[in-house]
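To start, the structure under review is shown below, and the notes come after it.
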Protein chains: 2
Amino acid sequence: MIPQKKMAYNVAVVGATGAVGKTFLDILSERKFPIDNLKLLASSKSAGKKMQYNGKEYTVEELTHDSFKNIDIALFSAGASRSKEFAPSAVKAGAVVVDNSSAFRMDNDVPLVVPEVNPEDALKNNGIIANPNCTTIIMLVPLKPLHDYAKIKRVVVSSYQSASGAGAAATMELMEQTKAWSTGEPIEVKAFAHQLLFNVIPHIDVFTENGYTKEEMKMYNETRKMLHSDEIKVSATCVRVPVLTAHSESVLIETEKKLTPEKARELLSNASGVKLYDNPDEKQYPMPLLASGQDLCYVGRIREDIAYDNGLSFFVSGDQLRKGAATNAVQIAELLIK
Amino acid sequence: MIPQKKMAYNVAVVGATGAVGKTFLDILSERKFPIDNLKLLASSKSAGKKMQYNGKEYTVEELTHDSFKNIDIALFSAGASRSKEFAPSAVKAGAVVVDNSSAFRMDNDVPLVVPEVNPEDALKNNGIIANPNCTTIIMLVPLKPLHDYAKIKRVVVSSYQSASGAGAAATMELMEQTKAWSTGEPIEVKAFAHQLLFNVIPHIDVFTENGYTKEEMKMYNETRKMLHSDEIKVSATCVRVPVLTAHSESVLIETEKKLTPEKARELLSNASGVKLYDNPDEKQYPMPLLASGQDLCYVGRIREDIAYDNGLSFFVSGDQLRKGAATNAVQIAELLIK
């Protein structure tokens with residue numbers, strides 16, 4: 001499904017008051033997405049709230065099955081259960097849904113898309129296109145040009161994921177813990193399983209039967225789906241770190257064809273979505289503080305792996321609210337109206 | 001060299017005022033190391049400072065080549081250049097040196113020892129025994145029993161290293177950045193290459209020719225030396241995270257013989273130096289806040305790796321000032337006087 005060509009489109013943002021929802025509005029504005037009418041939707045709890053878009057005030061409306069009349073494109077980021085319940089209503093009303101949740105990602109008839117990786121898949125949709133997991137997106141942007149050249153067999157990745165990946169309340173919790181520690185007040189823990197300040201937590205999403213978390217299995221399954229390969233294997237360890245925004249990942253790839261660091265740098269310097277940032281002698285390498293607020297994924301620490309013959313290691317940092325979520329979803333919407 | 005058997009020994013602590021030096025005193029006291037005379041040594045800058053040991057006050061003396069008269073055991077933690085300059089003087093004076101720096105670790109005639117891994121090596125010394133790199137120690141404590149059973153071929157490790165690994169001033173810097181952020185004051189950066197608060201920095205020690213840092217190459221070389229194997233390959237990525245104390249590591253091992261998670265748990269539950277802490281459903285897994293202040297290395301998140309046939313993944317956290325430095329060094333001293 002592709003929206004009917006227009007000068008400007010009616011767009012609904014579902015989950016507008018969340019961490020990703022707010023970023024949706026920033027990105028739509030920055031990229032001058034051609035919007036005719038904008039509708040901000042959220043749960044009844046947030047309905048009535050006022051939000052700004054391009055200097056104009058909007059009132060957040062309650063999300064219902066009747067919210068999508070005349071909507072061309074609906075950007076969902078309100079959790080998997082809301083997507084499952086309401087996305088079909090949006091499609092029935094004629095909208096194309098770009099869904100940021102995990103609800104439909106592995107469905108056979110739902111394309112999962114990173115525009116730098118598999119843009120062609122976006123057009124083969126039945127009304128719903130899934131936005132991948134944030135950590136997967138940030139890894140796949142640099143993996144794609146390397147895979148095209150050298151064919152990736154295996155990926156070993158350990159992540160350094162920021163608090164805002166768990167939502168706006170989780171970000172607040174880390175900030176409040178920081179202030180509480182500084183003033184000697186007791187540190188409260190609600191959003192995460194444990195205190196995040198001065199800690200790292202190797203637990204994101206729930207645990208599955210095989211000992212991996214769902215977050216880790218998303219990296220396995222979504223990578224294979226988007227690279228159209230049943231052969232690539234991904235071993236992930238996902239870890240929350242006390243960072244406000246932007247996820248980082250330590251990545252090792254084993255390739256079929258030899259891929260030198262020089263060749264990898266050449267491929268990545270020409271790859272869209274990537275900022276090659278790899279001058280260790282000048283203390284230049286990816287870090288979340290650098291990538292935060294950016295749409296490009298910073299890639300550096302590129303080196304020939306010393307444990308695997310055809311191995312290459314690197315480090316990547318990307319803003320998971322932007323490229324890992326809102327920017328990627330808006331880029332998908334742009335593919336649809338191109 | 002082994003100190004002459006006595007009821008109690010004359011012990012010198014070199015670098016007594018540093019982060020590890022202070023921990024040396026805690027550990028010597030906790031483990032009731034039989035001390036006759038205690039000598040605290042540091043640079044001229046710190047000479048004259050008062051420190052407590054077992055309720056008694058000691059004055060820090062300036063480290064000179066004549067500092068080691070009548071000393072039986074000298075515990076060094078004042079950086080590699082001081083060790084290179086002064087350890088030979090200590091040996092000449094008749095002391096056995098346990099050196100926490102990287103100065104002698106790869107010397108062929110200097111044993112590198114983790115008591116849970118290769119205690120027999122400690123006795124074959126020429127006056128100097130090296131204490132390994134902290135990140136390597138914390139990884140090797142669980143690796144040893146797994147290697148004995150299944151023979152490790154390759155290790156892929158990404159670290160989450162705390163500020164205090166860079167010394168007392170670096171720890172202070174993270175605490176000051178935390179307070180400055182909380183009160184809206186400017187954040188100052190001196191000890192690290194970049195702001196550490198709300199950031200991760202994939203850069204520990206200096207970069208080498210092959211793109212790895214010295215810290216990462218220590219994990220490669222020291223692992224091979226202590227496991228007496230030229231075949232094991234270690235691919236490390238060392239990353240500083242905003243944690244005060246205790247290093248964590250995401251580890252994948254490839255073994256010659258199949259090692260199931262059940263077998264690994266059985267081996268680790270009987271291994272000395274390890275605390276098996278692996279109940280993800282109860283939110284129990286290793287974290288730096290748990291391991292901090294402990295001598296045991298916490299091991300959890302044990303699972304069959306999904307990318308490698310004979311692969312096993314796990315997560316480990318250990319206090320790098322204690323087991324990663326002072327505790328390990330005092331354990332070596334205990335081996336010598338046993």
Side-chain angles (χ1 to χ4, degrees), chain A residues 154-160 162 174-175 178-179 181-183 193-195 197-203 207 210-213 217 220 233-235 237 239 241-245 248 250-252 254 261 280-281 283 285-290 300-308 311 313 315 317, chain B residues 154-160 162 174 178-183 193-195 197-203 207 210-213 217 220 233-235 237 239 241-245 248 250-252 254 261 280-281 283 285-290 300-308 311 313 315 317:
Chain A
R154 291 191 188 83
V155 183
V156 182
V157 53
S158 293
S159 75
Y160 303 72
S162 63
L174 175 57
M175 296 198 286
T178 305
K179 287 179 191 162
W181 181 87
S182 297
T183 53
H194 305 274
Q195 174 184 326
L197 179 71
F198 300 146
N199 200 17
V200 309
I201 308 174
H203 172 188
F207 286 92
N210 66 1
Y212 285 82
T213 60
M217 291 311 297
Y220 184 94
K233 292 178 175 175
V234 180
S235 170
T237 303
V239 181
V241 296
V243 165
L244 294 172
T245 311
S248 303
S250 165
V251 183
L252 157 64
E254 255 199 288
D281 292 338
K283 300 177 183 172
Y285 28 71
M287 293 185 297
L289 278 188
L290 272 174
R301 292 293 327 267
I302 297 167
R303 59 208 192 273
E304 189 173 353
D305 192 80
I306 48 172
Y308 290 93
S313 287
F315 201 77
S317 296
Chain B
R154 291 193 188 82
V155 182
V156 182
V157 53
S158 293
S159 75
Y160 302 72
S162 63
L174 175 58
T178 305
K179 286 180 192 162
W181 181 87
S182 297
T183 53
H194 305 275
Q195 174 184 325
L197 178 72
F198 299 148
N199 201 16
V200 309
I201 307 175
H203 172 187
F207 285 93
N210 66 1
Y212 285 81
T213 59
M217 291 312 297
Y220 184 93
K233 293 179 174 174
V234 180
S235 171
T237 302
V239 181
V241 296
V243 165
L244 293 173
T245 310
S248 304
S250 164
V251 183
L252 158 64
E254 256 198 288
D281 292 339
K283 300 177 183 173
Y285 28 69
M287 295 186 296
L289 279 188
L290 272 174
R301 291 294 326 268
I302 298 167
R303 59 209 193 272
E304 188 173 355
D305 191 81
I306 48 173
Y308 290 93
S313 287
F315 200 76
S317 297

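Chain A is the first sequence line, chain B the second, and so forth, proteins listed ahead of strands; every chain is numbered from 1. Computation of the quantities below employed the complete heavy-atom set of this structure, encompassing side-chain atoms and omitting hydrogens, waters and symmetry-equivalent molecules.
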What one should report as the nearest heavy-atom pair of B/V200 and A/V243 is CG1-CG2, 3.9 Å
Nearest heavy-atom approach of A/F315 to A/S250 is CD1-CA, 3.8 Å
Just wondering, do [Y] and [X] contact through their side chains at under 4.5 Å, heavy atoms?
{"X": "A/S248", "Y": "A/M287", "answer": "no"}
{"X": "A/F198", "Y": "B/P288", "answer": "no"}
{"X": "B/R301", "Y": "A/T213", "answer": "yes"}

Under 4.5 Å from a heavy atom of chain A, the part of [X] involved:
{"X": "B/S317", "result": "neither"}
{"X": "B/Y220", "result": "side chain"}
{"X": "B/T237", "result": "both"}

So what's closer than 4.5 Å to chain B heavy atoms on [X]: side chain, backbone, both or neither?
{"X": "A/S158", "answer": "both"}
{"X": "A/S313", "answer": "side chain"}
{"X": "A/L244", "answer": "both"}

Could you tell me the separation between the OH atom of B/Y285 and the CD1 atom of B/I302, rounded to the nearest 0.5 Å?
15.0 Å
Nearest 0.5 Å, what's the OG1-CG distance between A/T178 and B/L197?
6.5 Å
Apply the side chain to side chain donor-acceptor pair (under 3.5 Å) test between B/Y308 and each candidate in A/K233, A/R154, A/E254; give the one that qualifies.
A/E254
Count the heavy-atom pairs under 4.5 Å between each of [options] and chain B, then report the option with the highest count.
{"options": "A/V239, A/T183, A/N199", "answer": "A/N199"}
{"options": "A/M175, A/H194, A/Q195, A/K179", "answer": "A/H194"}
{"options": "A/E304, A/K283, A/M217, A/R303", "answer": "A/R303"}
{"options": "A/V155, A/V156, A/V241", "answer": "A/V156"}
{"options": "A/A193, A/S162, A/G300", "answer": "A/A193"}

Best-contacting candidate, B/P202, B/G211, B/S235, B/G311, against chain A by heavy atom pairs under 4.5 angstrom
B/P202
